[in-house]
Amino acid sequence: MKEGVAGKVIYRKNYLAYPWDIKQLNLHIAVGVETTTVRAQMDFNLKSGFDSPQSIVLHGGDLQLLSITLNDRRLSEADYVIEGETLTIADAPATSVLKTEVQIHPSKNFALEGLYLSGEFLLTQCEAQGFRKITWFPDRPDVMTTYRVTLEADQLAFPVLLSNGNEVGRGELPGGRHWVRWDDPFPKPSYLFALVAGDLALVEDRFTTRSGREVSLRIYVEEENLDRCEHAMESLINAMRWDEKRFNLEYDLNIYHIVATNDFNMGAMENKSLNIFNSKYVLARPDTATDADYQGIEGVIGHEYFHNWTGNRVTCQDWFQLTLKEGLTVFRDEEFSADMQSRAVKRIRVIRDLRSRQYPEDDGPMSHPIRPDQYSEINNFYTATIYQKGATIIRMYHTLLGEDGFQKGMKLYFERHDGQAVTCDDFLAAMADANDVNLDRFGRWYSQSGTPQVKVTDNYDSETGTYTLKLEQHTAPTHDQQDKHSLVLPFALGLLSEDGKELPLQLETEASATVGTRLLIIEKAQQEFIFINLPEKPVPSLFRDFSAPVKVQYEYTQQQLATLIAHDSDPFVRWDAAQQMAQTAILEQCANHRQDREMSLDVSLLRAFEGVLSDREADPALLAEALVLPDEDYLAEQMDVVDVDGIHAARNYIKSRLANELQELFSERYSDLNDAQAYRKSAADMARRSLKNICLSYLMETDVGESLASDQLGSSDNMTDTLAAIRGLVLMDSGLAETALSDFEIKWKDDALVMDKWFIMQAIKPGRETVVLVRKLMDHPAFSIQNPNKVRALIGVFSMLNPTGFHADNGSGYEFHADRVIELDALNPQIAARMASAFNRWKRYDEGRKALMKAQLQRIASAENLSGDVTEIISNALK
Ligand SMILES: [Zn+2]
């Protein structure tokens, strides 16, 4: 199950076009769990501009080749060369019909790439390079062709046989077998191929597109999950309608399938008309899924649907361009969620995620630009940088060009490139040409890694009423890149009076003032803006709506932060000011803790939180975001040498003090929101639950917490409230926690998705004893090392979201985790590599922990038969 040649680096600059057109790919697949036989026929035609003769190069991995014929001549081993994952036929005729027959073994495929078994059914995952594990084919995204797929199988075991496109025929065969044929009229790259075979139940609905096309929407799940598909279906219909309205894009086939599986390496996959989903992003019922799950489902259903245009109709020339489809589609799904729910809350969550996952990645051993120049294992580049930073860069186009300009660019992009495999440069050119602007300098965002720092200084001259704002941008060298340039930064700015009013903005070169947010552009390393006619020294409201993905340094006073928290018109700035204030307070107490000084609570923070809690006007979800203290990993990133225990102690101290000082307010708010109303799914109800459960998490620090949590658990009719209560009890180490967990286990032991939550609640418990518990839980019947969701829930959460457990100073967490990476690598290198990245920030810790982590990294590196995936992560980390 290994793949890739460890250490072999592929460079973007070496791209060569494929010399052949393939008119059609005909597949006949006789599906079986132990053995599946795949017959393929490909019609090769030499592209104009290429000299004849040319070689035909195909990719394959773990295939048992039964026969290969070229223009009806059976080839012998002397007629082709197999080297690693390529098969080369030299000097092929300009028109060549190639036929192959291979056998594969799905039940032995634990890597979950290619064709594999999930429960009782078979399914595929081909992105990025899984198709080569099904048949020999030029497995690269720029080779697009139409697919005709005939699936044949035992009728009883596999009544459902699905592939991409439209069903064009079916029939019975002797011996209880049957066949179904699928035709996909749209040329596609092999990574979008899919097949599903098994005994699955179906939920069906319909959608009529704006132009009148009737689309059948079908969600396939295992029988017992039929009552958990309603939200996914509703989200799909909303996504289809939204894409018509906002992007003018319609669905293009008569059928749209979603299949849910418990065994999946990723979130979901946008195969043309046959999306395959991790069941986590399909299945939901109020008693089994939290509000966050519901929102996640809506986002991921939308994301995969939106790929039909941004990814499938227009795809990537090569995998270096991955952000072309992912950054753009993440931007689209973020906008979808923002339009469906609260825009401000969605923005804050996106920004929190970018800062806590992408910023550290960009500052660590895996730093890379959104369009990388090299990789050795593409699976390692499905990163926060490609996706989340990529989306932020698409958002900057939107900020610079406005909604109309952006949509003009999208229109031109599809006019030019529908049906093609293109590059990020093509996207940029469409945006620039449609708006008649030059975006060449903006294009640097594609080639430069690292997070720019923007240092802001200001000066107010009270005599003249002049306010000078000076910005200096600097991007520090990263692991992959020494030299950095200035970038184009959209800079959205407001100025507030001390009492929180928006001040008029007038640059010295302007005749009159405007009120509200002003968009300025920064292009140089240093830039100065001079504002005039200001009656007082303003409080600057910087990078409103997070207009550029930068780290801003400005020495705010506590008073200025308080003004922003209470009054700024921009929800991001208000939230960010509260985060900064809390961060400063926690890091100060962390220093006190380290020097054995007494800790204390900053009074401005107390007043700010009091203000937030007393706000009865604002969206409760927004208030909930403001009350969430920066997490321990994010705080760790703000220190030169991470003080694991100090951060934990200081954050707990601040939380506990706030909770006890403001107990009355928290209690009041909690009981107002805990109104015994039956569960409803609406955004407003979700907002109320989020604020209620944040209040509960603070109240857990007071002497009323335990009984509140216990009552909430007893009366809860939904998973959000249930989990919040149990988690509260577990984190406070309540005597009630054990019963709560075991009741939960008894109720849900046969439910794979819900049991993930049970594992998470235990893996996240702080402290060095947790490793013992996690090790024990690996023997639980609901756990399986072969299942990625289980691995992520127990091992991933422990190593990535439990700093005091993973970083226990005796090294027990590290040792446990390294064992798991080695164990997983033999089964599923993709997941093993994800897990291995938990060590990426090792150089930022104290000498003791550094040495312990380094030793584990070296131990993994010296393991036998290490995959290319893990080798790349580990060797970068050790560099
Ligand atoms: Zn995607």
Side-chain angles (χ1 to χ4, degrees), residues 112-113 123-131 141 164 186 188-194 232 235-236 239-240 242-243 247 249 251 256-261 264-282 295-338 346 350 353-354 357-358 361 368 370-372 375 378-395 410 413 421-424 427 788 830 834:
L112 314 191
E113 275 183 310
L123 76 162
T124 53
Q125 169 57 32
C126 291
E127 187 177 0
Q129 296 175 339
F131 192 68
N164 317 83
F186 293 98
K188 65 169 175 288
S190 53
Y191 81 87
L192 291 173
F193 168 81
S235 301
L236 176 60
M240 295 177 91
W242 180 86
D243 214 18
F247 277 79
L249 295 172
Y251 190 58
Y256 192 89
H257 290 123
I258 287 174
V259 178
T261 166
F264 209 61
N265 280 345
M266 303 191 261
M269 178 62 212
E270 70 264 23
N271 316 300
K272 184 81 186 187
S273 77
L274 179 49
N275 288 187
I276 295 178
F277 270 64
N278 189 325
S279 53
K280 176 176 163 55
Y281 293 113
V282 176
Q295 286 159 351
I297 289 168
E298 180 180 79
V300 179
I301 293 265
H303 180 95
E304 307 308 334
Y305 173 72
F306 303 142
H307 266 315
N308 190 51
W309 279 94
T310 50
N312 300 5
R313 290 282 290 251
V314 183
T315 193
C316 303
Q317 174 196 276
D318 53 58
W319 290 120
F320 296 103
Q321 318 295 330
L322 182 56
T323 199
L324 173 74
K325 76 176 178 79
E326 293 306 340
L328 179 54
T329 305
V330 171
F331 169 76
R332 277 155 51 70
D333 84 56
E334 285 174 4
E335 282 298 290
F336 169 56
S337 295
K346 179 67 190 172
V350 163
D353 184 56
L354 185 86
R357 294 197 304 125
Q358 197 277 327
E361 180 173 281
H368 56 276
I370 64 162
R371 182 190 55 204
Y375 60 75
I378 185 58
N379 289 332
N380 286 332
F381 284 81
Y382 285 72
T383 57
T385 299
I386 304 285
Y387 279 67
Q388 274 73 33
K389 186 178 180 185
T392 307
I393 286 155
I394 299 294
R395 185 171 295 281
M410 290 297 292
Y413 176 63
V422 302
T423 65
C424 298
F427 182 82
Q830 266 187 55
R834 293 268 150 156

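Numbering of ligands and ligand atoms starts at 1, following listing order. Counting from 1, the numbers follow the sequence of the chain as shown.
The ring-ring contact (aromatic ring centres under 6.0 Å, His included) test applied to W242 returns F247, F306, F336, not counting sequence neighbours. For E127, the salt bridge (Lys or Arg N to Asp or Glu O under 4.0 Å) test picks out K325, with sequence neighbours left out. Residues passing the salt bridge (Lys or Arg N to Asp or Glu O under 4.0 Å) test with E334 are R395, sequence neighbours excluded.
The number of protein N, O or S atoms lying under 2.8 Å from the Zn ion (ligand 1) is 4.
With no hydrogens or angles considered, a side-chain donor-acceptor pair links T385 and E361 at under 3.5 Å.
Distance alone, capped at 3.5 Å, places no donor-acceptor pair between the Q125 side chain and the F264 backbone.
Closest approach of P189 and P141 over heavy atoms only: CB-O, 3.2 Å.
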